[in-house]
Amino acid sequence: MSTKTPHQLTPEEEDRMVEAEFQDVLNGYLSSNHRKKVEIIERAFRFAKEAHKGIRRRSGEPYILHPIAVAKIASQEIGLGSTSICAALLHDVVEDTEYTVEDIEQHFGKKIAQLVAGLTKISGGIFGDKASAQAENFRKLLLTMSEDIRVVLIKMADRLHNMRTLGSMSPNKQYKIAGETLYIYAPLAHRLGLFAIKTELEDLSFKYEHPAAYERISRQISASEARRSAVYNDFSEPIKEKLVGMGLKYEAKARLKSVYSIWRKMETKHVPFEEVYDLYAMRIIFDCDDPTKEKSICWQIYSAITDIYRLHPERTRDWISNPKANGYQALHLTVMGPDGNWIEVQIRSRRMDEIAELGFAAHWKYKIGEGDEESELNAWLSTIKDILDNPEPNAIDFLDTLKLNLFASEIVVFTPKGELLTLPNNSTVLDVAFELHSEIGMHCIAGKVNHKLVPLSHRLHSGDQVEVLTSQSQTPKPDWVNYLATAKAKSRLRQLMRKEMAPVIEKGREIYEKYLSDNGITDNNDVITKVLGTLRYDNREALFTALGRGETVLPEHLVKILRPASSSILSKILRPLKGKKSQLQIAGTAPVKPEINIKETYVLQCDEKNGNNFKLCDCCSPVPGDDVMGWVNDDGEVELHALSCPRASVLKASYGKRILNTRWAEQQGLFLAEVRIEGIDRFGILQEIIQMISMHLAIDIRKLDIEAEKEVFHCDLSVRVHDTKVITDLCAKLKNIRGVQRAARVNHLE
């Protein structure tokens, strides 16, 4: 491709570049084992090129390069065929030009038109003003997916290319799209078995959300490469010799953890980069023409490795006998390497490896009739369809319900007849009851797990045999929702409870509407948000239920809070910016009206005299130095959240128009931070800790809780600090005190 920017190219050079990119797609397709339908792909490209003529992307390049890139990902990275390549090339034609789905059908047939229609349906509203636009969009995505899985696979390719070119977007759009990707698309890619795409989506989201951390970890990976290679070579050589001696044709490689997964481990385990020992796994991929022999070869390799190295008995994972619900098959074992660190080895056949990397699309290559893997996917899709047929009334609740299934680690349990059920981790007897049938779920009273009587709230483990006991006199209870881990069961229980509670909810709605009417307040989104926030209810349904049952009342003082909201302040605040900067009065003590332009970076300032120009939230309590984002709440205040806060993920995926890119001002005040200290107890250790903090480091201690049990102590500390550097320095110095084993900042996300 030319080194000139898109603006510097002549029309002829630009056209040559576009043609070369398309040729690249064709070459990849021709080298695949799909039937060669070049003519229809050529026609689809010419049609799309003409339709998008003269249109450019934000980066300045011709728009047609985006559909070409999506088609290339769909073909070469997901392994889809000509129908999907054509749909990818045409996916924006109906939305962005005068052409209709009927035009596409006339030129390219019904199947391609259906895929384009499905893709058009799920693209609308992605940057919509409604709070739940993204959740509704996701619902459409899944509805379409249950009709034809290829729609969601092409959508994945579209999202991946958007993430690869995210640099040309404004910072607040980057936050929104990266947050949405991490919240929705990465787990969906994982569930569909698109491992390589899931990893790249996570890394790209992380790059835009935490640029400094991304750069730092990337540099540390590069710096440690030589040492890592030496350790890997020492470890792998004896294994390779053994495999050659067995006469196997194989490929062995070191699989490095992604930047995002290294960062997640550092955050959750509170360890520095140097202490993340499982930076890589060894992967062995062997060739085998006979699928019936794959399992025995995997165990032969397992036996050969455990003859050389000491096995970690609790970290063997047999995904061959019981594949994951996304089709993943492999045998994992963890052994002690020559340097004394544990190293994971993943053993796969070539077929298993392609399915692990490309996901279900690769199954079509190996599919002979209805395979087990295909039925696994269909089972998951039918679960999704079940939830879609009975959707949550609140779109955000729906999204969270779905995420139960998307993120879930799995367990495998058996019915008394030996049938196998794959369920999310932490599933209970009640989940099994609903999985078998809604009627069984409704009347479940208890269960027998491994022939022992247990309550319906009993949490299951992989390998359990589960029998469900029912009684016709049993009826569903509201607190059952706390016992459920599967999205299907939660959705069905809420539906059953809604039927039962309908008269109560209706009574509560009437009380609410009469209260507003009596006080001359117009009901709108801002009003209900304020009511829910003041009375601390999650949604309308919960509020109306409490009002209907007489468990709560609408207090008189609520009127003062609601009157300004009924004039819909927020709609004025968030009116699309047309060259003018919005002025906001931040609630609280600050008399100054800060300027908020969501397209510009918002500077976070502390002012002890007049108050801050932002509001800290209890959910994550960030301090200067943390990667943070701003969100304009219903009062026009800028709420601050750490980017790693789960609440921030929901806000980015659901309220994109209110997201602010932020940076801390040079001078900041003092912020509360919490530190947890653990160690071996001894006489005088508390005195040393306090002396170190208040005397030597001159840090203000606000709270200190210490508890000793036998020889071990735990200490929770609240201190006032200027920024994260002070916390890092404090933790490092505390670790130097004799007996202190661990000192780390505690965030509220754990």
Where the side chain of [X] meets the backbone of [Y], is there a donor-acceptor pair that is under 3.5 Å apart?
X: Tyr214; Y: Asp203; value: no
X: Gln174; Y: Leu166; value: yes
X: Ser491; Y: Lys488; value: no
X: His91; Y: Ala88; value: yes
X: Arg494; Y: Val481; value: no

So Ile221 and Ile262, side-chain contact (heavy atoms from CB on, under 4.5 Å) or not? Walk me through it.
CA-CA 10 Å; Ile221 289 171; Ile262 291 170; 3.7 Å; yes

In the structure I gave you, are the side-chain heavy atoms of [X] and [Y] within less than 4.5 Å of one another anywhere?
X: Trp319; Y: Met352; value: no
X: Arg350; Y: Glu251; value: yes
X: Leu119; Y: Glu95; value: no
X: Pro62; Y: Arg56; value: yes
X: Thr83; Y: Leu115; value: yes
X: Arg164; Y: Glu200; value: yes
X: Tyr208; Y: Ile177; value: no
X: Ser438; Y: Gln495; value: no

Nearest heavy-atom pair of [X] and [Y]: which atoms, and what distance?
X: Asp431; Y: Asn426; result: OD2-O, 4.5 Å
X: Ile320; Y: Gln329; result: O-NE2, 3.4 Å
X: Gly28; Y: Gln76; result: CA-NE2, 3.4 Å
X: Ala178; Y: Ser205; result: O-OG, 3.3 Å
X: Asn172; Y: Ser170; result: OD1-OG, 2.9 Å
X: Glu294; Y: Cys288; result: CG-SG, 4.1 Å

Supply the atom-to-atom distance [X] [atom1] to [Y] [atom2], rounded to the nearest 0.5 angstrom.
X: Ile197; Y: Leu204; atom1: CD1; atom2: CG; answer: 11.5 Å
X: Ile154; Y: Ser75; atom1: CD1; atom2: OG; answer: 11.0 Å
X: Leu160; Y: Thr181; atom1: CG; atom2: OG1; answer: 9.5 Å
X: Glu435; Y: Thr486; atom1: CD; atom2: OG1; answer: 6.0 Å
X: Glu439; Y: Leu496; atom1: CD; atom2: CG; answer: 8.5 Å
X: Arg348; Y: Glu354; atom1: CZ; atom2: CD; answer: 11.0 Å

Partner set under ring-ring contact (aromatic ring centres under 6.0 Å, His included) for [X], not counting sequence neighbours:
X: Phe434; answer: none
X: His161; answer: His66
X: Phe45; answer: Phe22
X: His52; answer: Tyr63

Check step by step if side-chain contact (heavy atoms from CB on, under 4.5 Å) holds for Leu643 and Tyr175.
CA-CA 9 Å; Leu643 279 175; Tyr175 272 163; 3.8 Å; yes

Checking Glu19 now: which residues fulfil side chain to side chain donor-acceptor pair (under 3.5 Å) with it, not counting sequence neighbours?
Arg46, Lys49

Mind checking side-chain contact (heavy atoms from CB on, under 4.5 Å) for Asp24 and listing every partner two or more places apart, or none if nothing turns up?
Lys72

Test log, rule side-chain contact (heavy atoms from CB on, under 4.5 Å), inputs Met156 and Leu188:
CA-CA 9 Å; Met156 280 290 162; Leu188 187 56; 3.6 Å; yes

Using the side chain to side chain contact (heavy atoms under 4.5 Å, CB included) rule, pick out the option among Ile104, Asp103, Thr100 that qualifies with Val94.
Ile104

Show, in sequence, the C-alpha distance, side-chain angles and deciding distance for Glu209 and Asp627, and conclude whether the side-chain contact (heavy atoms from CB on, under 4.5 Å) test is met.
CA-CA 7 Å; Glu209 291 200 330; Asp627 289 333; over 6 Å; no

Could you tell me whether Arg283 atom CZ has more than 12 heavy atoms of other residues or ligands within 6.0 Å of it?
yes

Check the angle between the aromatic planes of His210 and Phe206 and answer parallel, tilted or perpendicular using the 30° and 60° thresholds.
tilted

Show, in sequence, the C-alpha distance, side-chain angles and deciding distance for Phe195 and Tyr328, and conclude whether the ring-ring contact (aromatic ring centres under 6.0 Å, His included) test is met.
CA-CA 9 Å; Phe195 182 77; Tyr328 180 84; 7.6 Å; no

